[in-house]
S.K.: 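The structure is given below, and queries will be raised subsequently.
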2 protein chains.
Amino acid sequence: MQLAIVLYPRFTALDAAGPHEVLGRLPDTETVFVSAQGGPVTNDFESMTVMTKALDEVPAPDIVLVPGGPGQGEQMEDGPLHRWLRKVDETTTWTTSVCTGALILAGAGVLNGRRATTHWLAFEEFDGLGVTPVRERVVMDGKYVTGAGVSAGIDMALTLAGIVAGDEYAKTLQLGLEYAPEPPYDAGSPEAAPRAIVKEFTDNRPQALWGRA
Amino acid sequence: MQLAIVLYPRFTALDAAGPHEVLGRLPDTETVFVSAQGGPVTNDFESMTVMTKALDEVPAPDIVLVPGGPGQGEQMEDGPLHRWLRKVDETTTWTTSVCTGALILAGAGVLNGRRATTHWLAFEEFDGLGVTPVRERVVMDGKYVTGAGVSAGIDMALTLAGIVAGDEYAKTLQLGLEYAPEPPYDAGSPEAAPRAIVKEFTDNRPQALWGRA
């Protein structure tokens, strides 16, 4: 089985790295990072540069994963990436995304008529893309599996791992990753976070903090 | 402020990527990946190659982070990495690790007499390294902050972010990362996971699955 993780300039590293750690450990799975040009691709705050193959080197992955990030907006034009996504989606077993990666899949036309989720702050960007937005952490609609913002990719991937390889295998992965989360605050959703923080985030999308976009 | 994340062959990517996503977004922080030789370094299951600087290019980071992974065992000999860790530790504000990264810090002598945590399966490897092992998800002893296995790095980093930049800032990060975890199983610790899975993991440390070591 081949897992292809799509990178592009200013992706958010954890969007990719969370599911990579889970899905890359599925039985007999080869994991490849892929980008429009191939070669090195750098994340949103310019700290992590990851090597990738070019799209035409990865013609038929079984699972495709599209992460989100501040660079997502530049990936909405029809072009080589969208064409590749449409083409590989014809034969994937699972087509997946994390965070605003769902907008790229939707922009490519791959999520037409599907239920999907994205980062809590990005829901209105589904408008006009033919998607039924669902405010859940993990949304499955047939072979399309989308996770909410950034860290939700871990939950998305464990959910998918259970379906692909069975509950026992997925639990073994969870134990190996020691994924028994204990966040020091309860501020991970706009419902739970202090009102002032949600307002500031929504009004300013703290650029200095978030991707230095 | 400079954050240096140490990589070495067969590191576990999420050990590094979790805290990277949090600590790299602290105010006015530059994040660099660093390795003994510099250049490309590849993770445990040979899927992710990340570019790094050489140790001598990063002489005085404010925060140092050492991730774990199947390659940790090859980093226990005294040598350039240990010398660098001892040297930079003299001036760091925070010296941190995730998972078996704590064993590398301990092997370098940096955790002498300190309380520290590591991956649940690695605790006996603290023997003889002068550390007081503590089975908690995040352990702070002065400026030494250690996280348990793999995904615990996110909790470690958010805890540290709150101390460095204040609770409000850390909560903003948590909201941005949409870190409101919903694991599909309750199997993330040996106490919670099914007995048979813990036994298999402990007996076989599923090599085929875990890092193909």
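Because the structure is predicted, anything quoted here is derived from the model rather than measured.
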S.K.: If I measure from the heavy atoms of chain A, does B/V22 come under 4.5 Å with its side chain, its backbone, both, or neither?
M.R.: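 For B/V22, neither part sits under 4.5 Å from chain A.
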S.K.: Measure across A/E21 and B/L14 and return the closest heavy-atom pair with its distance rounded to 0.1 Å.
M.R.: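 Minimum heavy-atom contact is OE1-N, 2.9 Å.
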S.K.: Flag the one option from A/L158, A/D167, A/D186, A/V198 with the top tally of heavy-atom pairs under 4.5 Å to chain B.
M.R.: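 With the most close heavy-atom pairs to chain B, the winner is A/D167.
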S.K.: With chain A as the partner, which of B/V138, B/V50, B/T49 has the greatest number of non-hydrogen pairs under 4.5 Å?
M.R.: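 The answer is B/T49.
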S.K.: Taking B/E168 for its side chain and A/I197 for its backbone only, find out whether a donor-acceptor pair lies under 3.5 Å.
M.R.: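 Checked: no pair found.
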S.K.: Out of B/S189, B/A13, B/A148, B/G149, which one racks up the most heavy-atom pairs below 4.5 Å with chain A?
M.R.: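 Most heavy-atom pairs under 4.5 Å with chain A: B/G149.
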S.K.: Are more than 12 heavy atoms from other residues, nucleotides or ligands located less than 6.0 Å from atom NZ of A/K143?
M.R.: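 Enclosed.
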S.K.: How long is the span from the CE atom in A/M51 to the CE atom in B/M51, to the nearest 0.5 Å?
M.R.: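 CE of B/M51 is found 6.5 Å from CE of A/M51.
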S.K.: For B/V32, is it the side chain, the backbone, both or neither that has a heavy atom under 4.5 Å from a heavy atom of chain A?
M.R.: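 For B/V32, there is no contact with chain A at all, as no heavy atom is under 4.5 Å.
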S.K.: For the CD atom on B/E124, are there more than 12 heavy atoms of other groups (residues, nucleotides or ligands in this structure) within a distance under 6.0 Å?
M.R.: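 Open.
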S.K.: Just wondering, more than 12 heavy atoms not from B/Q37 lying within 6.0 Å of its CD?
M.R.: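 For B/Q37, atom CD is not crowded (no more than 12 foreign heavy atoms under 6.0 Å).
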S.K.: I'd like to verify something: which residue of A/G188, A/A196, A/A17 has the highest number of heavy-atom pairs under 4.5 Å with chain B?
M.R.: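 The candidate making the most pairs under 4.5 Å is A/G188.
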S.K.: Counting heavy atoms not belonging to B/E46, are there more than 12 under 6.0 Å from its CD?
M.R.: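 It does not: B/E46 CD has 12 such atoms or fewer within range.
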S.K.: Does the B/E182 side chain pair with the main chain of A/R137, one donor and one acceptor, at a distance under 3.5 Å?
M.R.: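 Not confirmed, B/E182 side chain does not pair with A/R137 backbone.
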S.K.: Based on non-hydrogen pairs under 4.5 Å, which of A/A192, A/P194, A/A187 is most in contact with chain B?
M.R.: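 Answer, by heavy-atom pair count under 4.5 Å with chain B: A/A187.
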S.K.: What part of B/I5 lies closer than 4.5 angstrom to a heavy atom of chain A: side chain, backbone, both or neither?
M.R.: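 Contact with chain A: none, neither part.
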S.K.: Please lay out, stage by stage, how A/N43 and B/H20 fare under the test side-chain contact (heavy atoms from CB on, under 4.5 Å).
M.R.: CA-CA 11 Å; A/N43 72 322; B/H20 160 271; 3.4 Å; yes
S.K.: With a 4.5 Å cut-off on heavy-atom pairs, point out which of A/D155, A/T31, A/D15 contacts chain B the most.
M.R.: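 Of the candidates given, the most pairs with chain B belong to A/D155.
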S.K.: A/S151 and B/E178: which non-hydrogen atoms are nearest, and at how many Å?
M.R.: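 So the minimum-distance heavy-atom pair works out to OG-O, 2.9 Å.
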S.K.: Once rounded to the nearest 0.5 Å, what's the spacing between atom CG of A/L23 and atom OG of B/S47?
M.R.: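 So the CG of A/L23 and the OG of B/S47 are separated by 11.0 Å.
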S.K.: Does any non-hydrogen side-chain atom of A/I154 lie less than 4.5 Å from one of B/P181?
M.R.: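 In short, these two side chains do not touch, never coming nearer than 4.5 Å.
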S.K.: With the side chain counted from C-beta on, respond yes when B/L175 and A/L121 share a heavy-atom pair under 4.5 Å apart, and no when they do not.
M.R.: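 No - every pair of side-chain heavy atoms lies 4.5 Å or more apart.
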S.K.: Does A/R25 use its side chain to pair, donor to acceptor, with the backbone of B/F45 at less than 3.5 Å?
M.R.: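 Checking the backbone N and O of B/F45 against the side chain of A/R25, no donor-acceptor pair under 3.5 Å is found.
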S.K.: Relative to chain A, which segment of B/A193 carries a heavy atom at a distance below 4.5 Å: side chain, backbone, both, or neither?
M.R.: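 For B/A193, side-chain heavy atoms alone lie under 4.5 Å from chain A.
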S.K.: Given that the side chain runs from C-beta out, which part of A/P40 has a heavy atom under 4.5 Å from chain B: side chain, backbone, both or neither?
M.R.: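 Neither part.
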S.K.: Is there a donor-acceptor pair closer than 3.5 Å between any side-chain N or O of A/H119 and the backbone N or O of B/G176?
M.R.: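 Side chain of A/H119 to backbone of B/G176: a pair is present.
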